[in-house]
There are 2 protein chains.
Amino acid sequence: MTSPAVPRKRTDKGAQTRARILEAAIELFRERGYDGTTMRGIADRAGVSLGNAYYYFKSKEVLVQDFYRRSHTEHLDSAERVLATETHVEARLRGVLLTKIETSEPYHRFSGVLFKTAADPESPLSPFSEESAPSRRESTRLMERVIEGKGLRTTPDLRAELPDLLWTYQMGIILFWIHDRSEGRKRTRILIDRTVPLVIRIVNLGSLPVIRTLTRRATAFLRELRDAREIPPTPAD
Amino acid sequence: MTSPAVPRKRTDKGAQTRARILEAAIELFRERGYDGTTMRGIADRAGVSLGNAYYYFKSKEVLVQDFYRRSHTEHLDSAERVLATETHVEARLRGVLLTKIETSEPYHRFSGVLFKTAADPESPLSPFSEESAPSRRESTRLMERVIEGKGLRTTPDLRAELPDLLWTYQMGIILFWIHDRSEGRKRTRILIDRTVPLVIRIVNLGSLPVIRTLTRRATAFLRELRDAREIPPTPAD
DNA sequence: GTCTATAACCGGATAGAC
DNA sequence: GTCTATCCGGTTATAGAC
């Protein structure tokens, strides 16, 4: 008697359609790759009209992005489990990187497309863009957690820069992974296995007296660079 | 009496048309950017038909590439002049990097497009692809010349890897430059000025006894990685 | 206001005649 | 070598249904 003619199941009329479209897209991307998939094909398989598909997804690209976003959250989850069990930095770092490429595996085929647009400074998808700041923040947060592990000897100033540096390192690994055509991404795995200990060792060397001044200078510059980035470009000066 | 009815200037019937099209493309890219330029517009301005434009350039992308190739050769020239006058590694490296961003400046606007396709592993434009091996080779050759300068203390094994490492460093600088919106690319210039000395110093540190084993291990791995890349992926093993 | 569909538009790319 | 005619697929405009 309270509620008028409003239908009960208000939950998600279109949300389901949206899901159907995304599902169809994922299937087709898997079957034929990004370029081989057409928006018309996606709409067809989802049983909707072309225009309708565009009602839910502004472009073909955001379809891949939505698809890829899954991998990001999956990674956060898996990484969480790694961090809960591993206590040594080295193991933590290796674990975070390995889970990254593992959760990304289903997307390897289109990672090229993703990376492509990511490299474009105009694109909101660029890892350096304003829009992707949240997920970048999440990734560096992960690195903050990583370096809470045992086995790291470092100075406070270097430590402060480490999350960003490790994020960059991770980007490098991903770039390698994208180009890795070996079965089981064996080559990327080797890369991780070999470079993680090196990275940790190099960081630890940073506290050696001979290297101290160098480290200090480098971190000072990094800090400067990072802080300048936060501030919108100054037309003056 | 020897030559029949054939016109004398046989040199380049179509080569001129080709040039006209490229010229028109460059103008339009400059005026309206990559996306704002259409193949029809290019053909129009060049005074040829659309189909004809495609006869000379397989795609819109290769037009930008041809355009960009100029910058590459220009850079080789400018770098040559730098290497002829500068004797110290640091000055040589800085000079090579500065001329790189300076000769690339006219292309800054589309560098996004270039980099975009370059990041795609499928693309023949990818700096890691077979097709771009020649220009990559030229760039690492340049780095070989750079390290012939004075002021470098290093071991043979590290030295052997340096050209590739410095090429990677240069790629990093370019990535930064692409995203650099500061006037006169001031930020990239600062980046170069600050990091070049650091890089040289780090390399020189590589010969310190404490670091030797680390360097040796790292270079061994790099060599392994590089050599494996030359060999086509082995399906066996 | 939320959803769905049809009919274009636009621009990159190709086929094939001359 | 050059053109015209088309294709193809991403994207948009727009109209109507719920």
Side-chain angles (χ1 to χ4, degrees), chain A residues 3-25 28-29 31-67 110 113-114 116-117 120 122-125, chain B residues 6-7 9-25 28-29 31-67 110 113-114 116-117 120 122-125:
Chain A
S3 41
V6 208
R8 14 25 246 279
K9 258 216 167 177
R10 234 278 179 269
T11 32
D12 42 12
K13 336 189 229 185
Q16 278 189 326
T17 320
R18 185 192 161 85
R20 272 219 319 286
I21 295 168
L22 185 56
E23 226 47 52
L28 285 168
F29 285 151
E31 289 172 22
R32 318 181 187 182
Y34 185 76
D35 288 333
T37 302
T38 76
M39 284 301 280
R40 284 163 176 87
I42 293 170
D44 267 9
R45 182 165 305 196
V48 298
S49 74
L50 178 60
N52 200 205
Y54 273 99
Y55 175 79
Y56 289 102
F57 300 91
K58 219 188 118 300
S59 74
K60 186 176 169 183
E61 228 174 55
V62 312
L63 235 16
V64 200
Q65 293 163 31
D66 268 40
F67 180 24
F110 348 101
V113 187
L114 288 164
K116 241 172 98 155
T117 61
D120 184 355
E122 313 286 347
S123 163
L125 246 181
Chain B
V6 208
K9 262 215 164 177
R10 237 274 179 269
T11 30
D12 40 15
K13 351 184 218 182
Q16 278 190 325
T17 321
R18 187 193 161 84
R20 273 219 318 287
I21 296 168
L22 184 56
E23 226 47 54
L28 285 168
F29 284 151
E31 290 171 22
R32 318 181 187 181
Y34 184 76
D35 288 332
T37 303
T38 76
M39 285 300 281
R40 283 162 176 87
I42 293 170
D44 267 9
R45 180 164 306 195
V48 299
S49 73
L50 177 61
N52 200 204
Y54 274 102
Y55 175 79
Y56 288 101
F57 300 91
K58 221 188 118 300
S59 74
K60 186 176 169 183
E61 231 173 55
V62 312
L63 272 167
V64 201
Q65 294 162 32
D66 268 38
F67 180 23
F110 345 101
V113 188
L114 288 164
K116 240 171 99 154
T117 61
D120 184 355
E122 313 287 347
S123 164
L125 245 183

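Letters A, B, ... are given to chains in the order of the sequence lines, protein chains preceding strands, and every chain is numbered from 1.
- Here CG of B:L63 is found 5.0 Å from CD1 of B:I42. Values are rounded to the nearest 0.5 Å.
- Legend: salt bridge (Lys or Arg N to Asp or Glu O under 4.0 Å) pairs involving residues 47-56 of chain A, not counting sequence neighbours: none detected.
- Of the side-chain N and O atoms in A:T17, one or more sit less than 4.0 angstrom from OP1 or OP2 of C:dT4.
- Side-chain N or O atoms of A:R32 include none that pairs as donor or acceptor with a backbone N or O of A:T37 at under 3.5 Å.
- A straight line from CD1 of B:I21 to C1' of D:dT2 spans 10 Å, rounded to a whole angstrom.
- Regarding contacts with the backbone of D:dT2, a side-chain N or O of B:Y56 is found under 4.0 angstrom from either OP1 or OP2.
- C:dT2 atom P lies 17 Å from atom CD of A:Q16, rounded to whole Å.
- Under 4.0 angstrom from either OP1 or OP2 of C:dT4 there lies no side-chain N or O belonging to A:Y55.
- Rounded to whole Å, the distance from CG on B:L63 to P on C:dG11 is 16 Å.
- The CD1 atom of A:I21 lies 11.5 Å from the CG atom of A:D66; values are rounded to the nearest 0.5 Å.
- For DNA chain C, the residues of residues 36-46 of chain A within the heavy-atom distance limit of 4.0 Å (strictly under) are A:R40, sorted by number.
- Separating the CG atom of B:D35 from the C1' atom of C:dG12 is a distance of 12 Å, rounded to the nearest angstrom.
- In this structure, CZ in A:F29 is found 6.0 Å from NZ in A:K60, a value given to the nearest 0.5 Å.
- The phosphate of C:dC3 (OP1 or OP2) has no side-chain N or O of A:N52 nearer than 4.0 angstrom.
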Show me the donor-acceptor pairs within less than 3.5 Å that the side chains of residues 48-58 of chain A make with the rest of the protein, sequence neighbours left out.
residue : atom : partner : partner atom : Å
A:S49   : OG   : A:N52   : N            : 3.1

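- Among residue pairs with one or both ends in residues 36-54 of chain A, those qualifying as salt bridge (Lys or Arg N to Asp or Glu O under 4.0 Å) are A:E27-A:R45, A:E31-A:R45; sequence neighbours excluded.
- For the helix from C:dG1-D:dC18 to C:dC18-D:dG1, the axis fitted to the five pairs at one end and the axis fitted to the five pairs at the other end meet at an angle of 10° (nearest 10 degrees).
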query = What string of B, S and - do you get for nucleotides 12-18 of chain D, 5' to 3', when a contact is any protein heavy atom under 4.0 Å?
reply = B------

